[in-house]
Novice: 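Here you go, one structure.
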Protein chains: 2
Amino acid sequence: MSSPSVETVPDLGRCDHCAVRHQAVCGALSDQELSRVNQLARRRTISAGQIIMSDEDPVEFFANVVSGVIKLTKTLVDGRQQIVGLLFPPDFLGRAFSTSNPYFAEAATDVEICCFAHDGFERLLKEYPDLEHRLFEKTLNELDSAREWMVLLGRKTAEEKVASFLLLLARRAAVTGCSHASAALLPTFQLPLTRSDIADYLGLTIETVSRQITRLKTTGIIKLLDNRLFVVPDMDALAKIAGQELPPVH
Amino acid sequence: MSSPSVETVPDLGRCDHCAVRHQAVCGALSDQELSRVNQLARRRTISAGQIIMSDEDPVEFFANVVSGVIKLTKTLVDGRQQIVGLLFPPDFLGRAFSTSNPYFAEAATDVEICCFAHDGFERLLKEYPDLEHRLFEKTLNELDSAREWMVLLGRKTAEEKVASFLLLLARRAAVTGCSHASAALLPTFQLPLTRSDIADYLGLTIETVSRQITRLKTTGIIKLLDNRLFVVPDMDALAKIAGQELPPVH
DNA sequence: CGACATGTTGAACCTCATCAACCGACGTGG
DNA sequence: CCACGTCGGTTGATGAGGTTCAACATGTCG
């Protein structure tokens, strides 16, 4: 397992080549600490559609999202469903300090995660306050996002909802910097969700989502290279349609 | 200020008589630590309708809610508003680890809060991991609530929304145990919000809220002693209408 | 090739928003 | 003291935005 190395250099194992090593919660850890985490961690690959955690099960593990997208969903007794969160790399999956899961976690695309056993990880949180602090900050950001989404769900029109969602992805793509298309550096991204998932994320039906997308397409706000590959020629135009929140300055 | 006492007994000052001393984040602190917090804290009384924090201002302070109800709101440029959270005692107000406020905080009723200066409190968080941990747990609970509300906003009907809201208050009243009415111990509570606030919380209009309340009244699911005082004769019936989430057991 | 999943489009319907009138309570000033 | 305006709430009539139901297109996999 461990390569023959000078003993002062900790064995980081897979963590050493991990794509999200510094952005994930692990970023809080020193090399020494990370080598311990490494022994606790287990990579898993999950194909699209698989359920990762169920609200029927107790919390069994936590995980970092390494690649792909995970959707967190809640369901009413009659089957109505709502996506209450999307996890991208390097987000963290799992409800700390609770024995029960408050939602379903399902792979929206093929997904790679790095899992930690429940007990071991909670012990780690106790031992490394920096780790807990990092997780806390991530949680605060999630809370901010959730509340922004509440505005969308409660007050925005179908067109604004779809535009907001596309804007979210376009901005992510702009930051991540991976423009798939050669198209002169215009924000371009791959849809990670089906129409059905988008509907569940926006509190709409599939049909309405489809109609709004074709509308944005015909008005030229967006372009589709194929059914899943989007280009946004004018981010400001899209942002305008998305119905922005009150800016901080009055 | 400090009463002449044996020096081994820390001066808890107002904290000693504080109604939320043990439930609020302060519950994480020893008497020694609390006596220090006490010097940092300042009680404030705020009348209904006053703005406590604006998203236009930087984060200036944090606070414990001691009595009353605070609403957290977000607004779109054209004035559409959404309440993204309600704070009851002993909830915590303020976004830690950020220089800007993500929302408005407004007193829904007359409110008593216990304020801490921003810098002093963040220093305290660093020094007392237990305090930060407690705040973390509160944040996790807020996130759970926010996500539950997303299901309501995205997927529930007007009737279910109103019923869910009343159920929320009725359950709170049942726990807090303060039944205002002599009515044979039926869950009874005072509405802390105007119809307009309720509408902003549920993503509806005032008119729809009003109509749904009268509907629940005429079907006997709820009774009104006056415009603000509600009685729930049958919690299960109300819960049924509220459209429960999928129970943990399949 | 047929079966199935994903997505699009059309037509009818319905829930909820909108606009408007009205009510009672309250406070204020002439 | 009463007229007046305001505020919170209720009720009615109307219509638009989105859902529902249904048909069809497209792509994929055995």
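Per chain, numbering begins at 1; letters A, B, ... match sequence-line order. Not measured: the values here are computed from a predicted model. Atoms considered below: every heavy atom in the structure, side chains included; atoms not considered: hydrogens, waters and symmetry mates.
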Novice: Ignoring hydrogens and geometry, is there a side-chain-to-backbone donor-acceptor pair from B:T139 to B:L135 under 3.5 Å?
Specialist: yes
Novice: So, is the end of the A:R172 side chain (NZ or CZ) under 6.0 Å from the ring centre of A:F88 and within 45° of the ring's axis?
Specialist: yes
Novice: Please list all pairs meeting side chain to side chain donor-acceptor pair (under 3.5 Å) that have one or both residues in residues 212-222 of chain B, counting only residues at least two apart or in different chains.
Specialist: none
Novice: Base, sugar-phosphate, or nothing: which does B:R228 touch, judged by heavy atoms less than 4.0 Å apart?
Specialist: sugar-phosphate
Novice: Just jot down the ring pair (Phe, Tyr, Trp, His ring centres under 6.0 Å) partners of A:Y201, sequence neighbours excluded, or say none.
Specialist: A:W149, A:F165
Novice: Check A:K74 with A:D55, please: is the shortest side-chain N to carboxylate O separation under 4.0 Å?
Specialist: no
Novice: Would you kindly give the CD1-to-C1' distance between B:I206 and C:dC22, to the nearest whole Å?
Specialist: 15 Å
Novice: Show every ring pair (Phe, Tyr, Trp, His ring centres under 6.0 Å) that has at least one partner inside residues 204-224 of chain B, sequence neighbours left out.
Specialist: none
Novice: What side-chain donor-acceptor pairs closer than 3.5 Å can you find for residues 61-72 of chain A, not counting sequence neighbours?
Specialist:
unit_1 : atom_1 : unit_2 : atom_2 : d
A:S67  : OG     : A:E112 : OE1    : 3.1
A:K71  : NZ     : A:D197 : OD1    : 2.7

Novice: My understanding is that only residues two or more places apart in sequence, or in another chain, count here; which of them pass side chain to side chain donor-acceptor pair (under 3.5 Å) with B:R80?
Specialist: A:E160, B:D78
Novice: What does the inter-axis angle of the helix from C:dC1-D:dG30 to C:dG30-D:dC1 come out as, five pairs per end, nearest 10 degrees?
Specialist: 20°
Novice: Under 3.5 Å between N/O atoms: give me all the protein pairs with nucleotides 24-28 of chain C, atom names plus distance.
Specialist:
none

Novice: Hey, can you pull the donor-acceptor pairs under 3.5 Å for the side chains in residues 233-242 of chain B, sequence neighbours left out?
Specialist:
unit_1 : atom_1 : unit_2 : atom_2 : d
B:D234 : OD1    : B:D236 : N      : 3.0
B:D234 : OD1    : B:A237 : N      : 3.2

Novice: Roughly, in whole Å, what's the span from CG in B:N227 to P in C:dC23?
Specialist: 17 Å
Novice: In whole Å, I'd like the distance from the CZ atom of B:R195 to the C1' atom of C:dC23.
Specialist: 14 Å
Novice: Determine whether a donor-acceptor pair (N or O, by modelled atom type, separation under 3.5 Å) exists between the side chain of A:T188 and the backbone of A:L186.
Specialist: yes
Novice: Quickly work out the A:L191 CG to C:dT6 P distance and round it to whole Å.
Specialist: 14 Å
Novice: Among residues at least two apart in sequence or on other chains, which ones pass side chain to side chain donor-acceptor pair (under 3.5 Å) with A:D110?
Specialist: none
Novice: Can you tabulate the close N/O pairs, meaning under 3.5 Å, that link protein atoms to atoms of nucleotides 16-18 of chain C?
Specialist:
unit_1 : atom_1 : unit_2 : atom_2 : d
C:dC16 : OP1    : B:A158 : N      : 2.9
C:dA17 : OP2    : B:T205 : OG1    : 3.2
C:dA17 : OP2    : B:T208 : OG1    : 2.5
C:dT18 : O4     : B:R211 : NH2    : 3.0

Novice: Go through the structure and list residues passing side chain to side chain donor-acceptor pair (under 3.5 Å) with B:S164, not counting sequence neighbours.
Specialist: B:K156
Novice: What is the first contacted nucleotide of DNA chain D and what is the last, in 5' to 3' order, if contact means an atom lying under 4.0 angstrom from a heavy atom of chain B?
Specialist: D:dG9 to D:dA13
Novice: Answer yes when A:E142 and A:R147 have at least one side-chain N-carboxylate O distance shorter than 4.0 Å, and no when they do not.
Specialist: no
